[in-house]
Amino acid sequence: MLLKEKLQKLANEQNEPCVSISLNTHRTFPENQQDEIVLKNLIKEAENRVTEEYGKRPATGVLEKLDTIGSKIDHQYNLDSLHIFLSNDTEEIIKSTWKSRGNVVEVDEKFAVRPIIKAAVRAQEYLILVLTQSGTRLYEAVNDAIIKEIREEGFPFPQNPFYITHADVRSDAKQVDNQIKEYFNRVDKSVVEIHKKLDLNVVVISTADNFSKLMEVADLPQIYIGHDHKDYESAEEHHIVEQAYEIIKAQQKEKRTSAIGEIKESVSEGKVLTDLQEIYQAALDGRGDLLMIHKDYEQPVKMIDERTFEYADDSKEPGIVDDIVSIIAWEVFSKKGRVHFTQQDELLELGEIVLKTRY
């Protein structure tokens, strides 16, 4: 099941109780040995909260899942955070490449899907073209992970078949360039076909000269969204995707910076809300166009009715919604609004949570 499909399922579930556990994890040994200990403590905290708030008998199903969930996680393959969602009907484990806002347990009537929204909005699929004259490969990637190597439309391409063997002709730089461009032209046409099928843009790993020649012959140069100037002809796949992902991350930061600018420009139009209650109600009504949340801002509340709440100090008290920001983020995201989590302090000029409305 794709991440957005899991998010949809989790966000729409209402159950008593819904347990959400999030923790930061480590990818490498021996640091990831700590993760198992942290998780055990969080599971124990969740068991205590469920028992106190719901009672052992009514929550038997969830307590049984809490008792066994730790044994189902292989910490040798942890990423940067781990998120567990448990109810009588659901058992979901999601590993993410994004840090959690902390090691937290949330017990409510709905799951706290905020970290999955963050992962979903920052999950970018793209293609990586490793372009060399001795052979060209194309990969499909999501963030810093290669999903598969493309093996269609001529990929992987063998070495340039137009290599000039005659010494006299090889000394003619113009003819040599033309032969290289003919090879890259064929590669480009195949990339365009893959782009049409998958609707994914391309990061190119090549020498600067090869990239320049590719751009000269490209039918759709706009699909090539970034380039790294190193030649990874013999590099391992994980090095290739790490380098490509640096380009993707930089572009994502640019988008968040642009979004902050868009919000600031909209203040004079009366479309920007900074009051949490007003933001919540606008999100419920489908008016949310662009939501920006600073760092790890969260707010527990006690609901007065379906549309209003009062702030709470202790998220662990019975009847308290652990984090209204998670609900707001889902309401905006599910109604086709844009959601950004940012560490950029420029947002603080307006507040820790800001919503630009559609009208």
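Only a predicted model underlies this, so the values are computations on that prediction, with no experimental measurement involved.
At least one side-chain heavy atom of Leu273 sits under 4.5 Å from a side-chain heavy atom of Thr357. Counting heavy atoms from C-beta on, the side chains of Leu290 and His340 come closer than 4.5 Å.
Side chain to side chain, Tyr280 and Thr308 fail the donor-acceptor criterion of an N or O pair below 3.5 Å. Side-chain contact of Asp80 with Asn24: a donor-acceptor pair under 3.5 Å is absent, judged by distance alone. Counting only N and O atoms by type, the side chains of His26 and Thr28 include no donor and acceptor under 3.5 Å apart. Between the side chains of Lys9 and Thr90, at least one donor N or O sits under 3.5 Å from an acceptor N or O.
Atom CD1 of Ile128 sits about 8.5 Å away from atom OH of Tyr139, to the nearest 0.5 Å.
Remark: the backbone N or O of Val105 is not paired with any side-chain donor or acceptor of Glu45 at under 3.5 angstrom. A distance-only check finds a donor-acceptor pair linking the side chain of Ser326 to the backbone of Arg114 [under 3.5 Å]. Using modelled atom types, no side-chain atom of Asp188 and backbone atom of Phe184 make a donor-acceptor pair closer than 3.5 Å. The main-chain N or O of Gln124 is found under 3.5 Å from a side-chain atom of Asn143 such that the two form a donor-acceptor pair.
Under a cutoff of 6.0 Å and an axis angle of 45°, Arg122 and Phe341 do not form a cation-pi pair.
Ile293 and Ala329 get closest at one heavy-atom pair: CD1-CB, 4.3 Å.
In the hydrophobic clustering of ILVMFWY residues, with side-chain heavy atoms under 4.5 Å counting as a link, Val62 and Tyr54 come out together.
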